[in-house]
Amino acid sequence: MKAKKILFITQEMTPYVPHSELAAMGRELPQEIHGKGLEIRTFMPKWGNINERRNQLHEVIRLSGMNLIIDDTDHPLIIKVASIQAARMQVYFIDNDDYFLKRQMATDENGHEYEDNGERAIFYARGVLETVKKLRWIPDIIHCQGWMSSLVPLYVKTAYHEEPSFRDSKIVYSMSTSELTRPMGANFGNCIAFKEVDSSILQEFSTEVTFAELNKLAIDYSDGLTVPEGEKFKEIIDYARQKQIPVLENASATDSDAFIELYDQVWNKGKNE
């Protein structure tokens, strides 16, 4: 049996944000995978630098309206959608006024990282998973791309592990060359709490959780890992292999066959083929 439904949860994607290695992968890989006959769904954050009118985003009322509680504060979840006609691909956007309105991506206009980037990642992860539940779509593989999606593996394997949409899903996490320098903050443990997830999940990490630790947390709950440069990510590759997690090194969006092979490898692990 092979994986047939792939959920892409990406951090960035062209043409909606400026070009980067990860943004190119966010666009090209789903397109390539879709072109090979697999069913896909694609999500990304509705960053404040995305021009809604030019890119023809519109709100999906039937999917919006839920409040996500983070650190005892309600945050409305807004879902928008747009289409990339040339790729015949639809993209769902996770939006919220507190986390995304008039705000850039990881850094502000002066290049300073936002203090609540960790909290934004929490909202994004939970927002995507709640929306997929509403879509009643069951992915075989959840492919998370970039640090913004790093908390998806944790929530899928804990708080959402009994949900029909994710009960059998396998997770692939893709590192990117972009990094954060600011830790997640002293309040990250309180913010991450949801159902059976609480601050105790972070007890092996430093108090404010560094960027490197955030990636290790993602790997702890993933079934596969991809890295763009094997030499640069040697430490994280070793960490994954110690946990017997398969790794795709020097991953390129143009080599969709390598990704499909990895998807099938993690999907079939522990199953009768």
Side-chain angles (χ1 to χ4, degrees), residues 5-20 22-35 38-70 73-109 114 116-117 119-139 142-149 151-152 155 160 163 165-166 253:
K5 295 182 178 181
I6 316 298
L7 171 62
F8 290 96
I9 305 177
T10 192
Q11 178 175 306
E12 50 200 85
M13 178 192 301
T14 57
Y16 302 110
V17 299
H19 183 273
S20 70
L22 188 62
M25 177 176 281
R27 158 68 186 272
E28 294 168 8
L29 185 59
Q31 182 177 342
E32 289 285 326
I33 296 296
H34 181 58
L38 280 72
E39 188 176 341
I40 68 166
R41 294 288 187 276
T42 305
F43 283 79
M44 71 172 290
K46 214 299 287 180
W47 302 112
N49 57 340
I50 295 175
N51 187 308
E52 293 193 36
R53 178 172 294 183
R54 182 171 66 236
N55 292 293
Q56 299 183 338
L57 273 68
H58 62 272
E59 184 175 352
V60 185
I61 302 299
R62 69 183 179 86
L63 298 176
S64 300
M66 176 181 290
N67 281 352
L68 303 184
I69 301 174
I70 298 177
T73 301
D74 284 358
H75 298 277
L77 174 61
I78 303 168
I79 309 300
K80 295 176 180 176
V81 70
S83 296
I84 302 177
Q85 297 297 338
R88 293 181 299 170
M89 188 167 70
Q90 193 174 58
V91 181
Y92 292 93
F93 295 83
I94 299 297
D95 199 4
N96 171 267
D97 289 352
D98 297 326
Y99 294 127
F100 300 112
L101 183 65
K102 297 182 179 178
R103 301 178 69 185
Q104 304 299 305
M105 297 168 65
T107 61
D108 63 20
E109 295 84 351
Y114 292 109
D116 63 349
N117 273 334
E119 193 172 333
R120 298 167 88 199
I122 292 168
F123 180 86
Y124 179 54
R126 290 178 51 192
V128 171
L129 297 176
E130 290 294 342
T131 305
V132 173
K133 280 174 52 181
K134 284 189 175 182
L135 289 171
R136 296 184 178 180
W137 193 71
I138 302 175
I142 301 173
H143 189 161
C144 305
Q145 300 171 319
W147 65 265
M148 190 68 176
S149 67
L151 294 167
V152 171
Y155 285 125
Y160 290 86
E163 291 288 346
S165 293
F166 311 114

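Predicted model only: the values in this text are computed from it and were never measured.
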Show, in sequence, the C-alpha distance, side-chain angles and deciding distance for Tyr16 and Phe93, and conclude whether the ring pair (Phe, Tyr, Trp, His ring centres under 6.0 Å) test is met. CA-CA 11 Å; Tyr16 302 110; Phe93 295 83; 5.0 Å; yes
Between Met13 and Thr42, is the side chain to side chain contact (heavy atoms under 4.5 Å, CB included) condition met? List the steps. CA-CA 10 Å; Met13 178 192 301; Thr42 305; 3.2 Å; yes
For side chain to side chain contact (heavy atoms under 4.5 Å, CB included), just list the numbers for Ile142 and Ile6, CA-CA rounded to whole Å, side-chain angles, deciding distance to a tenth of an Å, and then say yes or no. CA-CA 6 Å; Ile142 301 173; Ile6 316 298; over 6 Å; no
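- Of the inter-residue distances, the one linking His143 atom NE2 with Thr10 atom OG1 reads 8.0 Å to the nearest 0.5 angstrom.
- Rounding to the nearest 0.5 angstrom, the gap separating the CG atom in Leu7 from the SG atom in Cys144 is 7.5 Å.
- Here the closest non-hydrogen pair linking Arg126 and Tyr155 is CG-CE1, 3.9 Å.
- Across all their heavy atoms, Thr14 and Val17 have their closest contact at CG2-O, 3.9 Å.
- With values rounded to the nearest 0.5 angstrom, Tyr124 atom OH is found 7.5 Å from Met148 atom CE.
- Rounding to the nearest 0.5 Å gives a distance of 10.5 Å between CZ of Phe100 and CD1 of Ile78.
- A cation-pi arrangement is present between Arg103 and Tyr114, with the terminal nitrogen or guanidinium carbon under 6.0 Å from the aromatic centre and inside a 45° cone about the axis.
- Annotation: side chain of Ser83 is not in contact with side chain of Met89 (no heavy-atom distance under 4.5 Å).
- Put simply, the side chain of Arg41 never gets that close to the backbone of Tyr92: no donor and acceptor are under 3.5 Å apart.
- Heavy atoms only, all atoms of each residue included: Phe123 and Pro76 are closest at CZ-O, 3.5 Å.
- Residues Glu119 and His75 come closest through the heavy atom pair OE2-NE2, 4.0 Å.
- A donor-acceptor contact shorter than 3.5 Å links the side chain of Asn117 to the backbone of Ala106.
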Pairs of donor and acceptor atoms involving the side chains of residues 43-50, under 3.5 Å and at least two apart or interchain, shall be tabulated with distances.
from: Lys46; atom 1: NZ; to: Glu52; atom 2: OE2; distance (Å): 3.4
from: Trp47; atom 1: NE1; to: Gln11; atom 2: O; distance (Å): 2.8

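- A donor-acceptor contact closer than 3.5 angstrom links the side chains of Ser20 and Glu12.
- Side chains of Leu77 and Asp95 form no contact here, defined as non-hydrogen atoms less than 4.5 Å apart.
- Using a 4.5 Å heavy-atom cutoff, the side chains of Val128 and Val152 are not in contact.
- The two residues His19 and Ala24 have their closest heavy-atom pair at NE2-CB, 3.7 Å.
- Lys133 is linked by a salt bridge (Lys or Arg N to Asp or Glu O under 4.0 Å) to Glu130, Glu163, counting only residues two or more places apart in sequence or in another chain.
- Atoms CZ and CD1, on Phe8 and Ile40 in that order, are 6.0 Å from each other to the nearest 0.5 Å.
- Note that the CG atom of Leu68 and the CG atom of Asn96 stand 8.0 Å from one another [nearest 0.5 Å].
- Across every non-hydrogen atom of Val60 and Val81, the tightest pair is CG2-CG1, 3.6 Å.
- With hydrogens and angles ignored, the 3.5 Å screen pairs no side-chain donor or acceptor of Ser165 with any backbone N or O of Ile138.
- Using a distance-only test at 3.5 Å, with no hydrogens or angles considered, no donor-acceptor pair links the side chain of Ser64 to the main chain of Ile61.
- Enclosure of atom CD in Gln56 is not indicated, since only 12 or fewer non-hydrogen atoms of other residues, nucleotides or ligands lie within 6.0 angstrom.
- For the pair Gln145 and Leu22, the minimum side-chain heavy-atom distance is below 4.5 Å.
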